[in-house]
Amino acid sequence: MKVKYFGLICGVILSGVFLSNHKVNADTDERTINFSGYEWTVRNSLSLQGPGPNYFSGNDDSVWVDDAGRLHMKIKNINGKWYGSEIRNKQALGYGEYRFYMSSKVDALDKNVVLGLFTYDHNSNDAEANEYREIDIEFSKWGEDESENSQYSLQSTYQRPDRFKMFNSYLEDGDYTTQSFNWTPNSVNFESLYGHYKVPPADYFRYNSFTYTGDGIPNPGLATTHINLWLLKGMAPSNNKEVEVVIKGFEFTPYTPTEIIPPSEEPEVEVPPAETQLPEEEPEDTEPPSTENPQPEEPKEPKTPTVPITKLFKVVTGTFIGESNVQKAQKDLFDKLGVSANIDYAFKSIPVYNIVTGEFIGKNNVDRAIKDLRSKIGWNAKSAPTGNFVPVYRLSTGTIKGKANAEKVLKVFKSKTGLYVVTEKVSGNTYKLVTSGYIMGEEKAKGQLNVYGKIAKKNNWVVRAEKTKDSLPKYRIIISGFYGDEKVNTYKQDFQQKLKWDMHTQKIEDVNLYALSVKNIENEDAANTIINQMKGQLHWSASKQEQN
């Protein structure tokens, strides 16, 4: 077994040993918080408990919900002891999708820190026999400097390596992610997305996933949702700094079983032949029939058998953008609802755009702008060089004889102007003062010269703008994946108002629209059931149509 799994195994084993005693081991009263529409109990322990083992603080400066409804959890040093934090939902939610909207960089945790998003059953009589019904998404390097930092798992991982997946979360441009698992009787589907989404707008927003469909998937029992932040083996963070994690929200969508009755073949109906009267032969030795006042027989209508009429319906979804998205939707429909569907081409297309900013000078400036974009409006983006460069200037004085004189002028110059300057040798025993920071571009250099030149002139100094050999590259920010003219223009205006940036749209391509259709549904109620399940579990719109 690889060394890097040792921490994982320890975490899993300790979790099973200690967490099962959590219900009775609280040393002080546990308080309750409201988060995302649910009541949660905040764990509080003064003795070492699992996982870890750790102390857990229930103080309101260790676990709290801010005015925006976001959950904050901390690892803190309290009176020389390190305390983790944990909350558990008071309500057992059962089968369904558990979705966590993270607002912290889950890839940047200290190597001794573990963040867990999971279910755990403390209360059922058969909890231990079902491995406490533990389903985990965890973020940790498990004490190693070089290790994958994320994992999905069902408990018994240390016995069943097919029940977990380790991978790397790498959040270059932001800290917003969506972490989820969908627990059904026959599968557990894990998913990690860049940004906060129920359904990712494009495939590349999904940076990892894992589906387990093997044996041993537990029933829900009384399992409840937990979030915890703790220290591996109770060790202090390797950098000895406190840790804070912020979670914007938690969302649960109940599982609804789907039963689709396949259409039966139309029964064959035997249609009897029309009755035909044949002339009767006269029997021998009988009198012929009387012809007196004969009454004509009324003609008999042939009997028509009753054939049952079966109405068939189909359910048609709204449109999906691009072939890859509709194929993913087709798979999701089957995996989550057990419904097979056809892909229908919608015979129209929609333009796809990027929103592109004006130019930022230097990598530091564009990186800072990307953080502003994420913090102010919650969007991730990437930067790209434009190929343009800006010359770098600095301000310099005239020459000063003698190093001692230069240093005297340096002090006065700093105090009078507030500029940070240093001495620079010109030749022999002559020096000049130069600004140490960059002045980016000729226009800014002229502005600086206009301000500080006036101050220098009052003191009989000479100050000039001096062009250096350096130049700084220009970058722009690209925000990808906007479909349709109306949508891209709406977002562009919103970004411009909030960030005050120059922004324009850039068309990438035209993408075909597709729909999914579920055909041969035998009654209207069954069609309505599928429509409601699509809306409730997949967040799709759909309509029913009667088939000819």
Side-chain angles (χ1 to χ4, degrees), residues 97 99 178 180 182 189 191 193-207 209 211 251 253 256 258 260 263 311-356 378-380 478-495 505-522 524-548:
E97 187 171 40
R99 187 173 293 274
T178 303
S180 66
N182 192 10
N189 181 55
E191 188 174 66
L193 307 176
Y194 295 120
H196 289 169
Y197 300 102
K198 291 181 180 178
V199 178
D203 283 344
Y204 64 82
F205 283 79
R206 183 181 299 99
Y207 73 84
S209 62
T211 299
E251 192 173 70
T253 304
T256 305
T258 304
I260 303 295
K311 283 187 178 180
L312 294 179
F313 293 85
K314 69 177 178 179
V315 169
V316 181
T317 68
T319 52
F320 295 88
I321 300 166
E323 192 170 354
S324 61
N325 282 331
V326 74
Q327 288 173 350
K328 168 64 172 58
Q330 185 184 39
K331 184 177 184 299
D332 283 348
L333 184 62
F334 184 79
D335 290 346
K336 295 180 180 180
L337 300 184
V339 177
S340 298
N342 298 326
I343 296 176
D344 291 342
Y345 179 49
F347 300 104
K348 58 181 176 179
S349 62
I350 190 169
V352 183
Y353 294 89
N354 288 338
I355 293 178
V356 182
W379 280 71
N380 290 324
I478 301 173
I479 313 166
S480 299
F482 297 89
Y483 302 100
D485 299 312
E486 183 178 350
K487 185 174 183 181
V488 72
N489 287 323
T490 299
Y491 276 106
K492 184 184 75 168
Q493 291 171 10
D494 183 51
F495 295 164
T505 59
Q506 178 187 70
K507 185 175 175 181
I508 308 170
E509 58 182 337
D510 287 312
V511 177
N512 290 329
L513 297 179
Y514 298 85
L516 292 176
S517 62
V518 184
K519 297 182 178 179
N520 299 326
I521 304 170
E522 282 199 316
E524 197 166 359
D525 289 340
N528 288 333
T529 298
I530 294 175
I531 290 171
N532 291 334
Q533 288 172 339
M534 286 181 179
K535 183 178 180 181
Q537 292 182 244
L538 298 170
H539 312 289
W540 296 350
S541 62
S543 61
K544 64 178 179 290
Q545 299 174 8
E546 189 174 332
Q547 292 181 217
N548 295 328

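Count residues from 1 along the sequence. What you see is a predicted model; the values in this text were computed from it and never measured.
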Say you draw a straight line from [atom1] of [X] to [atom2] of [Y]; how long is it, rounded to the nearest 0.5 Å?
| X | Y | atom1 | atom2 | value |
| --- | --- | --- | --- | --- |
| Lys519 | Gln545 | NZ | CD | 10.0 Å |
| Glu546 | Glu524 | CD | CD | 8.0 Å |
| Leu193 | Ser209 | CG | OG | 9.5 Å |
| Ile508 | Phe482 | CD1 | CZ | 9.5 Å |
| Asn342 | Gln330 | CG | CD | 7.5 Å |
| Asp525 | Ile530 | CG | CD1 | 11.5 Å |

Ignoring hydrogens, what is the shortest heavy-atom contact between [X] and [Y]? Give both atom names and the distance.
| X | Y | answer |
| --- | --- | --- |
| Val316 | Ala515 | CG1-CB, 4.3 Å |
| Ser349 | Asn512 | CB-OD1, 3.7 Å |
| Ile355 | Lys492 | CD1-N, 3.7 Å |

Output yes when a side-chain donor or acceptor of [X] lies under 3.5 Å from a complementary backbone atom of [Y], and no otherwise.
| X | Y | value |
| --- | --- | --- |
| Thr178 | Gly195 | yes |
| Gln537 | Thr256 | yes |
| Arg99 | Tyr197 | yes |
| Thr317 | Leu516 | yes |

Counting only heavy atoms not in Glu486, do more than 12 fall under 6.0 Å of its CD?
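Not buried by this count: 12 neighbours or fewer within 6.0 Å.
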If you count every heavy atom of other residues, nucleotides or ligands that lies below 6.0 Å from Lys487 atom NZ, does the total exceed 12?
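Correct, the count exceeds 12.
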Could you verify whether a donor N or O on one side chain and an acceptor N or O on the other, from [X] and [Y], lie under 3.5 Å apart?
| X | Y | result |
| --- | --- | --- |
| Asn528 | Lys544 | yes |
| Ser517 | Asp344 | yes |
| Tyr353 | Asp485 | yes |

Close side-chain approach of [X] and [Y], heavy atoms under 4.5 Å:
| X | Y | result |
| --- | --- | --- |
| Asp335 | Thr211 | no |
| Trp540 | Leu333 | yes |
| Ile321 | Leu513 | yes |
| Val199 | Leu538 | no |
| Arg206 | Lys328 | yes |

Output, in order, the C-alpha distance, side-chain angles, deciding distance and verdict of side chain to side chain contact (heavy atoms under 4.5 Å, CB included) for Lys314 and Ile521.
CA-CA 6 Å; Lys314 69 177 178 179; Ile521 304 170; 5.6 Å; no
Quick check: Tyr194 with Phe205 (ring centres under 6.0 Å apart)?
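No, the ring centres sit 6.0 Å or more apart.
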So Glu251 and Glu97, side chain to side chain contact (heavy atoms under 4.5 Å, CB included) or not? Walk me through it.
CA-CA 8 Å; Glu251 192 173 70; Glu97 187 171 40; over 6 Å; no
Quick one, Val352 with Asp510, criterion side chain to side chain contact (heavy atoms under 4.5 Å, CB included). Give me CA distance, side-chain angles, the key distance, then yes/no.
CA-CA 6 Å; Val352 183; Asp510 287 312; over 6 Å; no
Run the side chain to side chain contact (heavy atoms under 4.5 Å, CB included) check on Phe313 and Val518 step by step: do they pass?
CA-CA 9 Å; Phe313 293 85; Val518 184; over 6 Å; no
So Phe495 and Trp379, would you call those rings parallel, tilted or perpendicular, with 30° and 60° as cut-offs?
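Perpendicular, since the angle between the ring planes exceeds 60°.
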